[in-house]
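Notes for the one structure printed next.
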Amino acid sequence: MPIRLYNTLTRTKEPFEPVQPGKVGIYLCGPTVYKPSHIGHMVGPVIFDTIKRYLQWNGYQVTLVVNITDVDDKLIAESQVRGISMAALAEEMTADYMRNLAAVGVDTVDHFPRATAHIDEIVAFVSELIARGYAYVADGDVYFDVSRDPEYGKLSRRSVEEMQGEGGTTAERKRSAADFALWKSAKPDEPSWPSPWGPGRPGWHIECSAMSRKLLGRTFDIHGGGLDLVFPHHENEIAQSECCHGVPQAKYWLHNGLMQASDEVGKIGGRHTRRAEPQPGDQQAQEAGKMGKSKGAAPFSELLKTYSGETIRFFLLSTHYRRPIDFSEERIREVERGLEKFYGLFARYQRVTQKSFYDLPATRRREDGQFEPGQDPFLLEVHTCRERVLENMDDDFNTGGAIGVLFDLVRLLNRYCDEHGLESAPQPQTVAVWERGMFTLRELTATLGLFRAPPQATHAARDELVPRLLDLLVSVRAEARAARNFAAADRIRQGLAELGITLEDRPGGTVWVLPK
RNA sequence: GGCGCUGUAGCCAAGAGGCUAAGGCAGCGGAUUGCAAAUCCGCCAUCGUCGGUUCGAAUCCGACCAGCGCCUCCA
């Protein structure tokens, strides 16, 4: 069964067939690095990291490129405000972006090309467009002549007539409002690079055309980005690249939905807001806005102080990527409680087998994880879960549906553990069957890039003394319980609970759980 | 105004013509437990409204209502 994906170009789901058999090139539009990234910047990278993992697991050799736009009006403005160079600002913000990506487990990106490192390629690209008659020079600027491109508007489905084009001071130099800048002449105090048209800097869209060509070729497989980039960014990229090359730039265009910033009020904002009576003073709270425009868009690094990168990743993957997501901390906390189900099962696995779930090998290829369930009803159900997860993933990377099935699998594994008394009286036979199921959970979560490493140990757990003291308390409490002195036992448990430490009396003994 | 997206339980969310409409969070009942915690079992929706197509629609079509995005160099 083939992988299908939704192509913005055709507005339909299409079977995935790479340009070259077995190889896949993906270009994702990354950030303009002028301020710290917020959670909205993580949506694309997480889904495309997942897509790459999944395609690789399905046997494709995948190259993933995420560009860094490090020259732009906003960078210039911000660097002037802060009194540092544009390069220094870009450096700082790129480092922030990289740390954030690492935290959410995005580590499959092959190239992070920077616009300023590709000025030669950009100048060459612009020159080619001029030579072919698709662009014109105007007073040190270079503009793309939209009227020369009969296909202009095919991605966003707009007609040239309705375009307003870019405003700004350079507008008069353009022949048509819809034309857009390929190269902008520099003002005296602005950073610039030499070019045949005088000192200047690249326009917004050209770096993606130039860098994708360099790293992935004239026609590559998947071009991704946020839904807000469909117009004008991707439309203009297509115009530049396809007029220059005469071949499609990308076969499939994938766009992720945008993160909406709900207010701290949490529940408010978003699609379901139904204002029965417009309450005075309530209006501001009712407005959900796009992260990029919202002043409430906290730096992602701040969010990471409260929630793990894995929680965020799980949150982002628990809905389909094309759907808009309302962000609220309450939602993150709900997701976090769902994650506990997985962590709880991993802890059980450790108790039963003395092995870490995280050490289980993940399959490299889809077919490696296939197995014959035989007649065992448990394994039959595990097998079915696996199929259901893969069906979801094959269908336009439906990670939300896939995660729903993973919860089923977790319940299945817990039930088997309960029913066969694996924690109290493990039998090698049943443990082996259970492990077969755990193995499937391992491989399926790995394809989503989840649970690749144990959650960061808390500060308390890193302290050697804490576990020892807890063990001591637990053993004292065990003696009290043996003597049926439940008052003393409960006092210990209650006291620890007030410190956020949970005690679980299990068949094999008492387990303590530290707060996150 | 133009183009487009969305509306499924208290909240989040999968499903896109036909099995009892996944799953998570919250809640309720039960098993287990000395009591808890964790886990398991059970309960909790006719799919924005109105019409149409169809033997049959949450799923297709139309209208309407509501929210949102782009058309302003925001992923």
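Order of the sequence lines fixes the chain letters, A, B, ..., with proteins taken first and strands second; residue numbering starts at 1 for each chain. All values below come from the heavy atoms of this structure, side chains included, with hydrogens, waters and symmetry mates left out. Bear in mind that the values here come from a model prediction, so they are computed numbers and not experimental data.
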Touch class at under 4.0 angstrom, heavy-atom based, for [X] against every strand present:
X: Asn414(A); value: sugar-phosphate
X: Leu227(A); value: nothing
X: Gly30(A); value: sugar-phosphate
X: Thr69(A); value: nothing
X: His320(A); value: sugar-phosphate

Could you check which of [options] has an atom nearest any side-chain atom of [X]?
X: Met259(A); options: rA13(B), rA75(B), rC71(B); value: rA75(B)
X: Lys341(A); options: rU39(B), rG2(B), rG69(B); value: rU39(B)
X: Arg493(A); options: rC25(B), rA75(B), rA36(B); value: rA36(B)
X: Glu504(A); options: rG34(B), rA38(B), rA13(B); value: rA38(B)
X: Asp418(A); options: rG2(B), rG15(B), rU39(B); value: rU39(B)

[N] and [M]: how far apart are their [atom1] atoms, nearest whole angstrom?
N: rA13(B); M: rG56(B); atom1: P; answer: 33 Å
N: rA14(B); M: rC64(B); atom1: C1'; answer: 28 Å
N: rA75(B); M: rC70(B); atom1: C1'; answer: 14 Å
N: rA31(B); M: rC68(B); atom1: C1'; answer: 46 Å
N: rC41(B); M: rG52(B); atom1: P; answer: 43 Å
N: rG17(B); M: rC47(B); atom1: C1'; answer: 14 Å

Who passes side chain to side chain contact (heavy atoms under 4.5 Å, CB included) against Arg11(A), sequence neighbours left out?
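With sequence neighbours excluded, Arg11(A) shows a side chain to side chain contact (heavy atoms under 4.5 Å, CB included) to Tyr6(A), Thr8(A), Arg157(A), given in chain and number order.
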Rounded to the nearest angstrom, tell me the gap between atom [atom1] in [X] and atom [atom2] in [N].
X: His234(A); N: rA75(B); atom1: NE2; atom2: P; answer: 10 Å
X: Tyr152(A); N: rC3(B); atom1: OH; atom2: C1'; answer: 14 Å
X: Leu413(A); N: rU39(B); atom1: CG; atom2: C1'; answer: 13 Å
X: Leu406(A); N: rG24(B); atom1: CG; atom2: P; answer: 12 Å
X: Asp326(A); N: rC11(B); atom1: CG; atom2: C1'; answer: 11 Å
X: Glu419(A); N: rC41(B); atom1: CD; atom2: P; answer: 8 Å
X: Phe180(A); N: rC71(B); atom1: CZ; atom2: C1'; answer: 16 Å

Check whether any side-chain nitrogen or oxygen of [X] sits under 4.0 Å from OP1 or OP2 of [N], and answer yes or no.
X: Thr319(A); N: rA14(B); answer: yes
X: Asn398(A); N: rG15(B); answer: yes
X: Arg348(A); N: rU39(B); answer: no
X: Asn256(A); N: rA75(B); answer: no

Just to verify, what does Glu504(A) make a salt bridge (charged side-chain N to carboxylate O under 4.0 Å, His left out) with, not counting sequence neighbours?
Arg506(A)
Under the salt bridge (charged side-chain N to carboxylate O under 4.0 Å, His left out) test, residues paired with Asp505(A) that sit two or more places apart:
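For Asp505(A) the salt bridge (charged side-chain N to carboxylate O under 4.0 Å, His left out) partners, ignoring immediate neighbours, are Arg477(A), Arg481(A), Arg493(A).
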Tell me yes or no: between the side chains of Asp96(A) and Ser37(A), is some donor less than 3.5 Å from an acceptor?
yes
Is it the case that [N] (base atoms only) and [X] (side chain only) share a donor and an acceptor within less than 3.5 Å, ignoring hydrogens and angles?
X: Arg481(A); N: rG34(B); result: yes
X: Asp490(A); N: rG34(B); result: yes
X: Asp505(A); N: rC35(B); result: yes

Excluding sequence neighbours, so at least two apart, what forms ring-ring contact (aromatic ring centres under 6.0 Å, His included) with Tyr307(A)?
none
Pairing of Arg201(A) and Asp72(A) as salt bridge, 4.0 angstrom limit:
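Looking at Arg201(A) and Asp72(A), the cut-off is not met.
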Close N/O contacts between protein and nucleotides 58-61 of chain B (under 3.5 Å):
none

Scan nucleotides 20-23 of chain B against the protein and return all N/O pairs shorter than 3.5 Å with their distances rounded to 0.1 Å.
residue : atom : partner   : partner atom : Å
rA22(B) : O2'  : Arg388(A) : NH2          : 3.3
rG23(B) : O2'  : Gly404(A) : O            : 3.4

